[in-house]
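Here is the structure we will look at.
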Amino acid sequence: MISTVTMKWDGKALELIDQRKLPQTEEYVRCTTSDCVAAAIKDMVVRGAPAIGAAAAFGYVIGAMENSKNLTEERMNAIKGKLAKTRPTAVNLFWALDRMHSKFISLKGKPDFMIDKLNQEAEKIAVEDIEVNKKMGEYGQTLLSNDATVITHCNAGALATVDYGTALGMIHAAVDHGKHLSAYVDETRPYLQGARLTAWELMKLGVKTTLICDNMAGWVMKTKKIDAVIVGADRIAANGDVANKIGTYSLALLAKRHNVKFYVVAPLSTIDVKIKSGLEIPIEERAHDEVTSIRGVKIAPENVGVYNPAFDVTDSDLIDAIITERGMLTYPYETKIANIVKGGAVH
Ligand code: MRU
């Protein structure tokens, strides 16, 4: 059983808060088929790297239940493939599916309790996500003074995870320590995760929240006292380059210029050591109408050319610290990342 605002799982069905409708409407989509879970990930009902991973793990369990009469490796490969092709950038999706599939392979020949065990593994992924976020929050909050003002981008909050959040988890932990934080929230065009989701979550946490358009961040850094930019990540390469929501790279450049600290908060499941540098990370391109329209209202001439990459890559030398559940890493990252993913100490 998992029950958070982002997702609810009762062992049979996965309910996902429909993030496309927030903050105006709090409505859940109930999935009892793996097709439904795959569509929910693809269509952004659920989004954010760790949340996508956990949803896919539950989708895998539902896929196993659909095939319970003939639970072959071939069928589970097909379920895994269907869930994996929903979104390309956030590595947590593939990490969670690989973990579920390894569990399936390790249980082959023991079909009686296969579904129970897969269910337990998916719930473990979800529970661990919350624990890990709280640990990162604790480490991260030590970097923030009592009255820090931060900028955040996209949504790396409870909604982007099973619960608590990564970047917003750090803010949450600071608030729990009695700190009085203020946050500027980038609206995050074109999908407006900042305006719709992050502003909603931060206000609920009692953080003084100011919404800005993305192109205002430089001026805000120049004219206000900003202590840090805090973001999440969708995939971190072996050298510490970070793929995150489009606009993150520009923020990092602006932060460098204005001597503002730039922090990335992400679990180890977001690190992909198979990818040497950020340029190898697949970047999702999304529909043109996300750019030519705002919430269904056309704002651009018919047939204008459009480029809509959903993510960008921030070079590791622009990042002051990557905060993980095992501690904080600082630039240069390559050796430290290689060490931490093998279970070694954090230096
Ligand atoms: O396209 P989205 O909304 O799934 O993108 C989400 C982000 O870029 C988040 O910043 C990232 O997944 C980190 S969430 C903890």
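Just so it is clear, the model here is predicted, and its values are computed rather than measured. Every number for a ligand or one of its atoms is a count from 1 in the order of the listing.
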message: For atom 1 (O) of ligand 1, which of the options R235, K245, R47 provides the nearest non-hydrogen atom?
response: K245
query: Does A310 have a non-hydrogen atom less than 4.0 Å from ligand 1?
result: no
task: Just say parallel, tilted or perpendicular for the rings of F104 and H101, cut-offs at 30° and 60°.
output: parallel
- prompt: Is there at least one pair of N or O atoms, one from M44 and one from ligand 1, spaced under 3.5 Å apart?
  reply: no
message: Any donor-acceptor pair under 3.5 Å linking the side-chain atoms of N155 with those of R196?
response: no
message: I need the nearest protein heavy-atom contact for atom 14 (S) of ligand 1: residue, atom name and distance, please.
response: A160 CB, 3.5 Å
A156, any N or O under 3.5 Å of ligand 1 N or O: no
query: What residue and heavy atom of the protein are closest to atom 9 (C) of ligand 1, and at what distance?
result: N244 OD1, 3.4 Å
statement: One finds that the ligand 1 atoms under 4.0 Å from a non-hydrogen atom of F311 are 1 (O), 5 (O), 8 (O)
query: Can you tell me how far CZ of F311 sits from NZ of K245, rounded to the nearest 0.5 angstrom?
result: 4.0 Å
message: If I compare all heavy atoms of L181 with all of V207, which pair ends up nearest, and what's the gap?
response: O-CG1, 3.6 Å
field: Per-residue contact class, N155 against ligand 1 - non-hydrogen pairs under 4.0 Å
entry: backbone
- request: Select one of side chain, backbone, both or neither to describe which atoms of A90 lie under 4.0 Å from any atom of ligand 1, heavy atoms only.
  value: neither
query: Which ligand 1 atoms are under 4.0 Å away from a heavy-atom of Q193?
result: 1 (O), 2 (P), 3 (O)
- request: Calculate, to the nearest 0.5 Å, the distance between atoms CD and CG belonging to Q193 and L22 respectively.
  value: 12.0 Å
field: Cationic N near anionic O, under 4.0 Å, D10 to K8
entry: no
query: How far is atom 15 (C) of ligand 1 from its nearest protein heavy atom, and which residue and atom is that?
result: T166 OG1, 3.0 Å
Sole candidate of T198, I246, L251 that passes side-chain contact (heavy atoms from CB on, under 4.5 Å) when paired with H153: L251
task: Starting from atom 4 (O) of ligand 1, locate the nearest protein heavy atom and write down its residue, its atom name and how far away it is, to 0.1 Å.
output: R87 NH1, 2.8 Å
query: Less than 4.0 Å between a side-chain N and a carboxylate O, is that true for E284 and R286?
result: yes
- prompt: Do the side-chain N and O atoms of E66 and S34 include a donor-acceptor pair separated by under 3.5 angstrom?
  reply: yes
field: For atom 7 (C) of ligand 1, the protein heavy atom that lies nearest, with its residue and separation
entry: D234 OD1, 3.2 Å
